[in-house]
Protein chains: 2
Amino acid sequence: MEKGISPAVIRRMPRYYRYLGELLEDGVERISSNDLSRRMHVTASQIRQDLNNFGGFGQQGYGYNVQFLYDEIGKILGQTHMNHVILVGVGNLGQAIANYVRFEKLSFKMIGLFDIDPSKKGKEVSGIKIQMVDELEDFIKTHQVDIAALTIPKESAEPIARKLTELGVKALWNFAHVDLDVPEGVIVENVHLSDSLMTLSYNITKMK
Amino acid sequence: MEKGISPAVIRRMPRYYRYLGELLEDGVERISSNDLSRRMHVTASQIRQDLNNFGGFGQQGYGYNVQFLYDEIGKILGQTHMNHVILVGVGNLGQAIANYVRFEKLSFKMIGLFDIDPSKKGKEVSGIKIQMVDELEDFIKTHQVDIAALTIPKESAEPIARKLTELGVKALWNFAHVDLDVPEGVIVENVHLSDSLMTLSYNITKMK
DNA sequence: TCAGGCTTGTCAAACAATTAACAATGTAAG
DNA sequence: CTTACATTGTTAATTGTTTGACAAGCCTGA
């Protein structure tokens, strides 16, 4: 479809998607890059340039049809098909993420929870029974797993990631505070809470 | 101290800090930008350029002293003083974040938890009693609050943010999936899990 | 149906970030 | 003490991103 879209552009797409979703809820049918730029506090030029990476979705003299554009961005972001997610590490954060995926996004489905702690075996979180990490192999071989969320301590992140990728998992959503070394073709999306907090703390310090 | 450091640089500083911390644990005393670049998979040039935004921490022919550089970056990131954090919205994610802040980072201290649900009143999470949102005003007036974490639904994010900033809170760690409109001088650090997941899903789709 | 006004898609210019190159300077070994 | 080498800090070149400008073309009201 497209080739070599810059990461900067891709990071902005979910934000467009969100604003368009809100417009849709508000019953807005059409929007110009100018109106949208005012709402989103970005330049109209950037919006047009970003969208044109993927195709010409607008119409001169009219603007963009909100529903159409929303659907198109949805397609781009892979919101048209179901993504099956498993999660490894059912601690506090793991449970929160499990619930988050369960309720927040329709195109993602949590299908398995795994932990290393035997005392958690069989307990239910968000309606799913917790399994042991050594059951991962069986599970992945018998289920379609698109994404594995890693909410584990940084010490175990590397071995678990290796195991998962060896079993064919192609996308990791990594919450462990470590950079994972994965084979070619595997995607890692990091959520480094610690980095985020430190950035905040830097900005606070700078302000003073 | 410094002026106009680019956001791109700042985003990288916590990563340097982490790697230096690991080197320190491993008992490494000195490191060259070249060695570090190999470990971190970035260019040596970028490392030198980034660090030089804040001062000349290295020595020709020697490299960087790990302990010294670690401490300096710590200072830059505001890790030398305690940051007092409160959290609003003690749901699944809120509890996870409360625990996270409690155990993960020494320079941040969770000092208050707030929720709107009366049934949660007085319950303890991570050793802290949950208070009601209408007690926020009293609390902020009588305690030093550096950061407020917002783990609430997007509908309540805007009014709560307004209330907090009116009460003088200068930094928000926002987990709600909405862009907050805050007064000049208030810092917002967003953690948009949904955006992160969608970026992942985009990359999966693209790969196929 | 037509003219005037919008608004896009796109090209070019301005700006920002990254990488490369290298002179200056310190290290370290003999 | 001296020389060969390592490595920084910094300047210059390159690459990438954002903004500005405008022709082309559709919309809308008369």
Side-chain angles (χ1 to χ4, degrees), chain A residues 1-16 19-20 23 28-73 76 179 195 199 202, chain B residues 1-16 19-20 23 28-73 76 179 195 199 202:
Chain A
M1 192 210 288
E2 67 276 352
K3 52 172 191 330
I5 311 288
S6 99
V9 174
I10 293 162
R11 291 272 158 213
R12 285 193 291 267
M13 297 309 286
R15 187 149 179 269
Y16 293 133
Y19 272 84
L20 288 164
L23 287 171
V28 179
E29 270 178 31
R30 59 186 258 194
I31 187 122
S32 69
S33 57
N34 236 301
D35 284 356
L36 190 55
S37 83
R38 237 170 285 118
R39 284 170 189 258
M40 296 186 65
H41 303 113
V42 296
T43 64
S45 195
Q46 180 163 78
I47 294 176
R48 295 205 296 278
Q49 187 105 222
D50 282 353
L51 297 179
N52 266 82
N53 279 290
F54 302 96
F57 301 135
Q59 214 164 6
Q60 281 130 326
Y62 176 88
Y64 299 87
N65 177 284
V66 175
Q67 179 74 62
F68 176 72
L69 187 54
Y70 180 79
D71 291 345
E72 286 299 317
I73 296 181
I76 291 164
D179 297 323
D195 291 10
T199 306
Y202 165 83
Chain B
M1 192 209 287
E2 67 275 353
K3 50 171 192 330
I5 312 286
S6 97
V9 174
I10 293 161
R11 291 271 159 215
R12 284 194 291 267
M13 297 309 286
R15 187 149 179 268
Y16 293 133
Y19 271 85
L20 289 163
L23 287 171
V28 178
E29 270 178 31
R30 59 184 260 193
I31 187 122
S32 70
S33 57
N34 235 299
D35 284 355
L36 191 56
S37 82
R38 236 170 286 117
R39 285 170 188 259
M40 296 185 65
H41 303 113
V42 296
T43 64
S45 197
Q46 178 163 79
I47 294 176
R48 295 205 295 278
Q49 188 104 227
D50 282 353
L51 296 179
N52 266 82
N53 279 290
F54 301 97
F57 301 134
Q59 213 165 3
Q60 279 131 328
Y62 176 89
Y64 299 87
N65 177 285
V66 175
Q67 179 74 62
F68 176 72
L69 187 54
Y70 180 79
D71 291 345
E72 287 299 318
I73 297 181
I76 291 164
D179 298 322
D195 289 11
T199 306
Y202 166 84

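Treat the numbers as computed from the prediction; the structure is a model and nothing was measured. Naming: A, B, ... by sequence-line order, numbering from 1 per chain. All heavy atoms count here, side chains included; hydrogens, waters and symmetry mates do not.
Between A:T43 and the phosphate of D:dT18, there is no side-chain N or O to OP1/OP2 separation shorter than 4.0 Å. The side chain of A:R30 places no N or O atom within less than 4.0 Å of a non-bridging phosphate oxygen (OP1 or OP2) of C:dT8. Using a 4.0 Å cut-off, no side-chain N or O of B:Y64 falls inside it from OP1 or OP2 of D:dA6.
As a whole-Å value, the separation of A:R11 CZ from D:dG16 P is 18 Å. Atom CG of B:N34 and atom C1' of D:dA6 are 10 Å apart (whole Å). Protein atom CD1 of A:I31 is 13 Å distant from nucleotide atom C1' of C:dT7, rounded to whole Å. Taking atom CD of residue B:Q46 and atom C1' of nucleotide D:dT10, one finds them 16 Å apart after rounding to whole Å. The distance from atom CD1 of A:I47 to atom P of D:dG20 is 13 Å, rounded to the nearest whole Å. The separation between B:I10 atom CD1 and C:dA17 atom P is 10 Å, rounded to whole Å. Rounded to a whole Å, the CZ atom of A:F54 is 17 Å from the C1' atom of C:dT10. Atom P of nucleotide D:dT7 and atom CG of B:L69 are separated by 15 Å, given to the nearest angstrom.
Rounding to the nearest 0.5 Å places CE of B:M13 at 8.5 Å from OH of A:Y202. One distance of note links OG of B:S6 with CZ of B:R12; it measures 6.5 Å at 0.5 Å rounding.
For the 3.5 Å distance criterion, the side chains of B:N53 and B:Q49 fail to qualify, holding no donor opposite an acceptor.
Here the side chain of A:R15 pairs no donor or acceptor atom with the backbone of B:D179 at under 3.5 angstrom.
When each of A:Y62 and B:Q59 is assigned the nucleotide of DNA chain C with its nearest heavy atom, A:Y62 is the one assigned upstream, toward the 5' end.
Side chain of A:Q49, nearest nucleotide from D:dC22, C:dC11, D:dG9: C:dC11. With distances taken from any side-chain atom of A:A8 to the nucleotides C:dT8, D:dT8, D:dT18, the minimum falls on D:dT18. With distances taken from any side-chain atom of A:S6 to the nucleotides C:dT18, D:dT17, C:dA17, the minimum falls on D:dT17. Picking from D:dG9, C:dA17, D:dC22 the nucleotide with the shortest atom distance to the side chain of A:R48 gives D:dC22. When each of C:dT18, C:dT10, C:dA28 is scored by its nearest atom to the side-chain atoms of A:N52, the top-ranked nucleotide is C:dT10.
Contact annotation for B:S45: base contact, defined as any heavy-atom pair under 4.0 Å involving a base atom.
Between the side chain of A:Q60 and the base of C:dT7, no donor-acceptor pair of N or O atoms lies under 3.5 Å.
Between A:Y64 and A:L51 the shortest side-chain heavy-atom distance falls below 4.5 Å.
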